[in-house]
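The analysis underlying the following values was restricted to heavy atoms, covering all of them including side chains, and did not include hydrogens, waters or symmetry mates. We name chains A, B, ... by the order of the sequence lines, and we start the count at 1 in each one.
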There are 2 protein chains.
Amino acid sequence: MKRNLNIRPMDFKNGIINLTHGSGGRASAQLIEALFAAAFDNEYLRQGNDQAVFPVSAGRMVVSTDAHVISPLFFPGGDIGSLSVHGTINDVAMSGATPLYLAASFILEEGFPLADLKRIVDSMARAARQAHVDIVTGDTKVVEKGKGDGVFITTTGIGVLPEGVDIRGDRAMVGDTVIVSGTIGDHGMAIMALRESLAFETSLVSDTAALHTLVAAMLKAVPDIHVLRDPTRGGLATTLNEIARQSKVGMMLNEAAIPVSPEVNAACELLGLDPLYAANEGKLVALCAEKDAERLLSAMRAHPNGANAAIIGRVIEDEHHFVQMKTAFGGTRIVDWLTGEQLPRIC
Amino acid sequence: MKRNLNIRPMDFKNGIINLTHGSGGRASAQLIEALFAAAFDNEYLRQGNDQAVFPVSAGRMVVSTDAHVISPLFFPGGDIGSLSVHGTINDVAMSGATPLYLAASFILEEGFPLADLKRIVDSMARAARQAHVDIVTGDTKVVEKGKGDGVFITTTGIGVLPEGVDIRGDRAMVGDTVIVSGTIGDHGMAIMALRESLAFETSLVSDTAALHTLVAAMLKAVPDIHVLRDPTRGGLATTLNEIARQSKVGMMLNEAAIPVSPEVNAACELLGLDPLYAANEGKLVALCAEKDAERLLSAMRAHPNGANAAIIGRVIEDEHHFVQMKTAFGGTRIVDWLTGEQLPRIC
């Protein structure tokens, strides 16, 4: 739809966001058309209404929402744009669902460079296209300088759940095998190294990635996966504690089996951090019956996002719902929830 | 689900938000359980996963998302909590759909009083219950003091579209009647008066309200409504210009017929503002064939949210897609888009 708003073209090189971009008037319309609609272009956005209409078949659907406030906005391996697409796709996918649509809402700070916004929006568009997901509707607000921090992005994802799939946080059963899809702590330590300006920061790269095709491959191999969850904020330790509590079970992990890259290990030692609590943005944990575990592991390793997948422990009976770990030194320790804030604004 | 997090109970009287509430660890879990899950309680939230699963029938669904950054957070007639529920319900309803589910994402500023947050969350819960809509999933992030402004809330709504309904911004036809559901400018001027500490501010009350039952009553009377839209940011003037542009038509309004309360008129005169550009949060504009207009108007007036509904103009042919208005003095003027920012952070 060609529209003439009779105002100056946007300056994506030197321009900045100002309060008129959030007014709902002419400047808002121009921002939406010249930036968002152009980058995300699809049949739903082209409807040009305040909502998107899409067809559904009878069955079950899934919805998930996530605000993204990561700082800094750009980091090795991604940016707030790709992260906001991957993060919500993954939350939808962790139910076993196929993500279909995203809604995106932006809170922009007055003075934010249009060039940075365009870079972020283009990155979102690329991530969505790669994942075969459409960004079908959105919203933009602008707050005064000092009342925000560049850009916050909330994405909401909608997906369809295949028949028969029943993946929930409360389905872990005693005897289940615990599998992680790859090395842990990559995202958290990449951000942390960047913030602390560590000398070796360039070797640390966020693992941000959409995991729904990995999940689809896993379900094909083992339809009865019990639990799936992506260990984001709070890291693997917190995610496993959540599952233990929801399922009223304990877990016994094997420290030596948990994959950690040498770079993440080095950064953690230097900063006094534990990779078990560092955020991941392209990893998942899966729990399934022991008899299915090797088949699931093979399917994961055959997928690019699961090449380093490993069996890291099993579900045990425990009325206290503790997650424990056999350490490399032969002892056993309790792996508690994250209690303080290790890494603020990590996603 | 009774869970024991082994930490101190939350202090909703004197406590404040700190960065640990956004860490994804124990404090985050406590905030979610003691505040959000308790207030919004429903079968979907009780699933306790990072996403909500819900059943659907074959047909068409609708999704809409809105970030809410209103300042101040509390105002006569509502607060950011009720507004964030009404605003998104209305965006879904403007397609003719029945809103069913909401997702809610919070960006909290470090230091924000828990008492205020609880008041806002309780208000959201009340608004959702009154509208028979469930808040089924959510997310909470915390940013450092000075990097946000108390609380921002993004809500995303999902609804189902009845068969045969076809309401779109590009369906206005020459000869159509333009109807507004009540007085305009109430929300915008209530916020503005509060900010400017006008002496008569107490008489100005936001019209924030959910409009989906009004829409249902309208569709029952006139199934073939052509266009529905809620004139929020940018006001009635901007909304009608959007529709004119989408539908490639012009409009001729009758100034004397546009309902404006005496209080809003007085505040607008004092502040030098035009009610046509002031935001509404509980009003809609409807366009339908002239033959259906009286029937639609009667249905609207019979509903509490449409008691002051009025026919305010008609759609005309105009290659420039101008919205024009016959003034009270007998002249004709062009009603342009909002160009500057009249009222920042109005929703």
Side-chain angles (χ1 to χ4, degrees), chain A residues 3 19-20 22-26 47-67 69 91-92 94-95 101 103 105 107 136-139 141 143 146-149 152 154 156 158 161 168-169 229 232-234 238 245-246 337-342 344-345, chain B residues 3 19-20 22-26 47-67 69 91-92 94-95 101 103 105 107 136-139 141 143 146-149 152 154 156 158 161 168-169 229 232-234 238 245-246 337-342 344-345:
Chain A
R3 298 157 170 190
L19 289 171
T20 67
S23 66
R26 217 183 270 270
Q47 291 167 2
N49 296 312
D50 290 340
Q51 69 291 118
V53 176
F54 57 90
V56 292
S57 315
R60 292 175 300 163
M61 297 200 78
V62 168
V63 61
S64 188
T65 194
D66 252 339
V69 299
D91 277 344
V92 169
M94 292 307 124
S95 66
Y101 308 112
S105 120
I107 298 174
V136 297
T137 191
D139 182 53
K141 296 291 189 317
V143 296
K147 301 292 186 182
D149 194 17
F152 302 142
T154 294
T156 305
I158 296 174
L161 199 51
R168 289 183 272 122
R229 195 161 287 181
T232 54
R233 277 185 294 177
T238 301
R245 195 165 68 136
Q246 268 186 278
W337 292 69
L338 174 65
T339 38
E341 34 105 9
Q342 197 186 28
R345 299 185 59 189
Chain B
R3 299 159 170 187
L19 289 172
T20 68
S23 67
R26 217 182 271 272
Q47 293 168 0
N49 296 313
D50 289 338
Q51 69 292 119
V53 176
F54 58 89
V56 291
S57 315
R60 292 176 300 164
M61 297 199 77
V62 168
V63 62
S64 188
T65 195
D66 252 340
V69 300
D91 276 343
V92 169
M94 291 309 123
S95 67
Y101 308 112
S105 123
I107 298 173
V136 297
T137 192
D139 183 52
K141 294 292 189 315
V143 296
K147 300 293 186 182
D149 194 18
F152 302 142
T154 293
T156 305
I158 296 174
L161 199 51
R168 289 183 271 123
R229 195 161 286 182
T232 54
R233 278 185 293 176
T238 301
R245 195 166 67 138
Q246 269 186 277
W337 292 69
L338 174 66
T339 38
E341 34 105 10
Q342 195 185 34
R345 297 183 63 185

Winner by heavy-atom pair count (cut-off under 4.5 Å) against chain A, out of [options]:
options: B:V69, B:V56, B:T137; result: B:V56
options: B:A58, B:G234, B:G169; result: B:A58
options: B:V63, B:T154, B:D91; result: B:V63
options: B:A52, B:G146, B:G138; result: B:A52
options: B:I158, B:V136, B:V92; result: B:I158

Taking all heavy atoms of [X] and all of [Y], pick out the closest pair and write down the distance.
X: A:Q47; Y: B:Q246; value: O-NE2, 3.4 Å
X: B:I107; Y: A:F152; value: CD1-CB, 3.6 Å
X: A:W337; Y: B:R26; value: CD1-NH2, 3.7 Å

Strictly distance-based, threshold 3.5 Å: is any side-chain N or O of B:D139 a donor or acceptor partner for the main-chain N or O of A:A67? yes
Look only at the side chain of A:R233 and the backbone of B:G22, and say whether a donor-acceptor pair between them is shorter than 3.5 Å. yes
Side chain, backbone, both or neither of A:T238 within contact of chain B (heavy atoms, under 4.5 Å): side chain
What part of A:S95 is in contact with chain B, defined as an atom under 4.5 angstrom from a non-hydrogen atom: side chain, backbone, both or neither? both
To the nearest 0.5 Å, what is the distance between CG (B:D50) and CZ (A:R229)? 5.0 Å
With distance as the sole criterion, is a donor-acceptor pair present between the side chains of A:T65 and B:T156 under 3.5 Å? no
Check the pair A:K141 / B:D66 against side chain to side chain contact (heavy atoms under 4.5 Å, CB included), numbers first and verdict last. CA-CA 9 Å; A:K141 296 291 189 317; B:D66 252 340; 3.7 Å; yes
Do you know which of A:P55, A:S64, A:A103 has the most heavy-atom pairs with chain B at a distance under 4.5 angstrom? A:S64
Contact check, side chains of A:V53 and B:L161, non-hydrogen atoms, under 4.5 Å: yes
